[in-house]
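Quick caveat, the model's predicted, so the values are computed rather than measured. Order of the sequence lines fixes the chain letters, A, B, ..., with proteins taken first and strands second; residue numbering starts at 1 for each chain.
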Amino acid sequence: MNRTHTCNALRPADAGQTVTLVGWVDTKRDLGGVTFIDLRDREGLTQVVFNPGANQEVAQRLKTESVIQITGKVTARSAETVNPKLGTGAVEVLAATIEVHNVCADLPFPMDDDKADKVNEDLRLEYRFLDLRRPRNIGLLKLRAKAARAIRAELDGQDFLEIETPTLFKSTPEGAREFLVPSRTNPGEFYALTQSPQQYKQMLMVAGVERYYQMARCYRDEDLRADRQPEFTQVDLEMSFIDREDMYKLIEGILKRTWKETLGVDIPTPFPRMSYQEAMDRFGIDKPDTRFAMEIQDLTGLFKNSAFKVFQGAANTPGSVVRAINAKGLADLTQGELTNLETIAKSQGAKGLAFIKVEGGEWKSPITKFFSEEEKAALKATLKIEDGDIIFFAAAPWEQASNVLGRIRLESAALLKAKGRLSLPTDQYNFLWVIEFPLMLWDEEEKRYLSAHHPFTAPVKEDEPLLATDPAKVRGQHYDIVLNGVELGGGSIRIHNPAVQKRVFEDILKIPQDMVESRFGYMLKAFAYGAPPHGGIALGFDRVVAMLAGRSSIRDILAFPKNQNGRDLMADCPSPVTPKQLRDLRIRTVEEEKKA
RNA sequence: GGGGUGGUAGCUCAGUUGGUUAGAGCGCCUGCCUGUCACGUAGGAGGUCGCGGGUUCGAGUCCCGUCCAUCCCGCCA
């Protein structure tokens, strides 16, 4: 090819030059006596002019999205024909020769960005090669590459080694469902695709690498969401000889640089920190969106002697609370919206959703008749109740009440946003560290403790004695990085002492000794050979890029995403394999049992 | 596994209380047009109303089932 310029390169100073451009036909405007073609490549658009006698008939027959190469002279446009919308709008190229590299079939959907954004996503995914061709989507891939570059530059500059770890790993007993890979050379045995390189990176620390990172592909066989794909990318890193403060500083540096180099935005550091307890108390969620308040207020004390038995009962039950939020200005929500909020509350285990609507100076509610004047006055003061507000209550054990109001808070914010009464600027970036998570959570079904994060998280030093007496009270040296209500990543300082690790596996998590041996034996062995203190973190790279791009779906920023059923609609997979393939793997498939 | 929303032309959508031949814009095809830039303009083709069943004289419209998509819950150490 003899391409001399991209389609976003030519300016008036280039007038007179003979140039060769290659690209796709973006639009064709055929005026009969003259034909204009906007030629597009990755970088932009340039208008090409075809006059009679100069291959105009070829241009007139072109279909959009065909690939052509033209050679011609750059000309400055006359003042009244300049197009200020284009970078190259002050010039055009008078085509002398044209070569059609490929014609394009009729398009399945419009390529115009605004129209294409509305087209069914499954059709766009089937034709992902066309969807990606749109400038807006190419831009997202560029953004992603830029973000990756910034992250690598920062980590390289801090002497991290980029190391690839296997994706074919061992199946692990706890955690996300894994994709299994049958081993042909070891019949009847399976690898699992890594959910994360967690154990490998800890082994690298034992191996003396000290600072490791990787743009790690991870796999989880769980149900999909807008921000969850079966394969995704983590900025995975691990460091030796550090504490939590070192990790906060490192990540703040990475994110600061990434935001600066992609968006040109300066984000202030250090980021605020909030304990898990505080996050749940104030926002009812472990990843609070702090761009708006609507904070949860505790009313447990107020209702200790209330005539309203539901609140009074909860207020006097140890571990239970009475709490409320004021959804300011949402009193005019529809019955359907209210019912929907109720459904959400019930999905979190609540029996119902008590509320007070304040309209025309009147408290409209099924429960206010039980309240004394003092209680009403106290409510009004605590929740700053005004006309147009609606108050939602939860009376339940602390965690459940928090969850309920946390969900109601987010849903209320969404309603207020839809009604135009709340605006959450997309260029506001409220980063937040959430810290001091509980190390263990009691699982009622299995009647045992489960790791809140993963079993390698080290307990907070002063809580270590509680491991034996009250595991639920032990806080872990775990940290989550949260942005505008989205969890970007999390990590922890790890256990590096084999005795402590063994105790966590066997005494706390009650994993049978033989299973600990078969699953984690090599880790315990490794730790016995001089494991350094270490810790790390993993950032969901797709989510980071989605936040940079202001997108809610990470499908937008993956080159070839899968749909919600985990299907690649372009390649049409997963798909059946041949009987021979199955035979080689000693696998037999079974028809699903028919329902009676 | 559960809940919400949606499926009508290639695309985006409209389609009233169940009523005669299912429409619009864009795209596509055929003309005209020498300064357009979402070019304009005249004409034309294009439909298994997701699929199956039911109610009815009559179903895009009502009922049942089912499939697909999407958002959410469960799940995601």
Side-chain angles (χ1 to χ4, degrees), chain A residues 26-39 45-53 56 60 63-65 75 77-86 88-89 92 94 105-127 130 172-178 195-196 198-199 218-230 232 336-337 339-340 343-349 403 407 410-411 414 437 439-441 443 449-457 476 478 487 490 492 504 509 511 538 540 552-553 555 563-565 567 569:
Chain A
D26 191 76
T27 46
K28 178 181 74 178
R29 293 176 295 280
D30 183 8
L31 276 63
V34 62
T35 303
F36 299 97
I37 281 176
D38 286 341
L39 192 62
L45 290 177
T46 300
Q47 174 163 282
V48 182
V49 186
F50 292 85
N51 284 312
Q56 196 201 357
Q60 284 173 318
K63 290 171 70 83
T64 52
E65 295 306 319
T75 320
R77 298 204 207 175
S78 63
E80 67 276 12
T81 59
V82 165
N83 183 351
K85 284 188 268 183
L86 294 184
T88 60
E92 58 195 8
L94 294 176
D106 285 349
L107 294 166
F109 57 84
M111 295 287 286
D112 173 60
D113 269 335
D114 288 324
K115 282 181 186 154
D117 276 348
K118 292 184 192 155
V119 171
N120 261 340
E121 200 179 6
D122 53 340
L123 186 70
R124 289 182 3 238
L125 288 178
E126 185 185 339
Y127 292 90
L130 284 179
T172 51
E174 300 197 22
R177 190 179 299 121
E178 300 158 322
Q195 305 167 35
S196 83
Q198 181 63 35
Q199 295 176 43
C218 306
Y219 306 87
R220 291 179 192 174
D221 187 13
E222 296 287 353
D223 282 0
L224 276 53
R225 290 283 190 281
D227 62 349
R228 268 173 19 198
Q229 284 272 305
F232 59 99
E337 288 163 347
T339 307
N340 189 37
T343 309
I344 288 167
K346 284 178 182 163
S347 78
Q348 298 300 307
N403 285 334
R407 291 289 316 278
L410 289 177
E411 197 57 36
F437 283 79
L439 190 64
M440 314 280 175
L441 296 171
D443 188 278
Y449 285 101
L450 295 178
S451 295
H453 180 48
H454 60 50
F456 317 117
T457 302
H478 174 72
E487 181 192 328
S492 61
V504 167
L509 297 175
I511 303 173
S552 54
S553 171
R555 288 192 296 269
N563 77 357
Q564 196 160 36
N565 269 329
R567 295 202 69 85
L569 296 176

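Distance from the side chain of A:Asp122 is smallest for B:rA69 among the nucleotides B:rU34, B:rA69, B:rA38. Checked against B:rU36, B:rA69, B:rC73, the side chain of A:Phe36 finds its nearest nucleotide in B:rU36. Checking B:rG74, B:rC71, B:rC72 against every side-chain atom of A:Arg407, the shortest atom distance belongs to B:rC72. The side chain of A:Arg225 has B:rC72 as its nearest neighbour among B:rC76, B:rC37, B:rC72. When distances are taken from the side chain of A:Asp223 to each of B:rA38, B:rC29, B:rG1, the shortest belongs to B:rG1. When the nucleotides B:rC71, B:rA38, B:rC76 are ranked by their closest atom to the side chain of A:Lys85, B:rA38 comes out on top. When distances are taken from the side chain of A:Thr81 to each of B:rC37, B:rC71, B:rC28, the shortest belongs to B:rC37.
The existence of a salt bridge linking A:Glu121 and A:Arg555 is confirmed by a sub-4.0 Å separation between a basic side-chain nitrogen and an acidic carboxylate oxygen. A salt bridge links A:Lys63 and A:Asp106; the closest N-O separation between the charged side-chain nitrogens and carboxylate oxygens is under 4.0 Å.
For the OP1/OP2 pair of B:rC71 and a distance below 4.0 Å, the side-chain nitrogens and oxygens of A:Arg555 include at least one atom meeting the criterion. At the phosphate of B:rC71, OP1 or OP2 sits under 4.0 Å from a side-chain N or O atom of A:Gln564. Put simply, A:Arg29 has no side-chain N or O that comes within less than 4.0 Å of OP1 or OP2 on B:rU36. Between A:Thr27 and B:rC39 there is a side-chain polar atom (N or O) within less than 4.0 angstrom of OP1 or OP2.
When heavy atoms are screened at a 4.0 angstrom cut-off, A:Arg77 is found touching base atoms of the nucleic acid. Within 4.0 Å (heavy atoms only), A:Leu31 reaches at least one base atom of the nucleic acid. Residue A:Lys63 is in sugar-phosphate contact alone, with no base atom involved, counting any heavy-atom pair closer than 4.0 Å across all strands shown.
Residue-to-nucleotide contacts include no donor-acceptor pair under 3.5 Å from the side chain of A:Arg220 to the base of B:rC76.
Remark: P of B:rU34 and CD of A:Gln56 are 9 Å apart, rounded to the nearest angstrom. Between A:Leu125 atom CG and B:rU70 atom P the separation is 7 Å, expressed in whole Å. Nucleotide B:rC68 holds its P atom 16 Å from the CD atom of A:Glu126, rounded to whole Å. Rounded to a whole Å, the CD atom of A:Gln348 is 14 Å from the C1' atom of B:rG2. If you measure from atom NZ of A:Lys28 to atom C1' of B:rA38, you get 15 Å, rounded to the nearest angstrom. Look at CD1 on A:Ile344: it is 9 Å from C1' on B:rC72, rounded to the nearest Å. For the pair A:Asn340 CG and B:rC71 P, the computed distance is 17 Å after rounding to whole Å. With rounding to whole Å, A:Leu224 atom CG is found 9 Å from B:rC71 atom P.
Side chain of A:Gln229 to main chain of A:Leu224: no donor-acceptor pair is present (N/O by atom type, distance under 3.5 Å, no hydrogens or angles).
Taking atom C1' on both nucleotides, B:rG58 is separated from B:rG18 by 8 Å, rounded to a whole Å. When the P atom is used for both B:rG74 and B:rG3, the distance is 15 Å, rounded to whole Å. Remark: the separation of the P atoms in B:rG31 and B:rG50 is 36 Å, to the nearest Å. The separation of B:rC11 from B:rG46, taken at their C1' atoms, amounts to 13 Å, rounded to a whole angstrom.
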Can you pull every protein N or O that's under 3.5 Å from an N or O on nucleotides 8-15 of chain B?
{"from": "B:rG10", "atom 1": "O2'", "to": "A:Pro108", "atom 2": "O", "distance (Å)": "2.7"}
{"from": "B:rU12", "atom 1": "OP1", "to": "A:Asn120", "atom 2": "N", "distance (Å)": "2.7"}

Structure string for RNA chain B in dot-bracket form, Watson-Crick and G-U at under 3.5 Å, | interchain: (((((((..((((.....[...)))).(((((.......))))).....(((((..]....))))))))))))....
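Looking only at side-chain heavy atoms (C-beta outward), A:Ser347 and A:Arg407 come within less than 4.5 Å of each other.
Residues meeting the side chain to side chain donor-acceptor pair (under 3.5 Å) test with A:Gln47, sequence neighbours left out: A:Arg29, A:Glu92.
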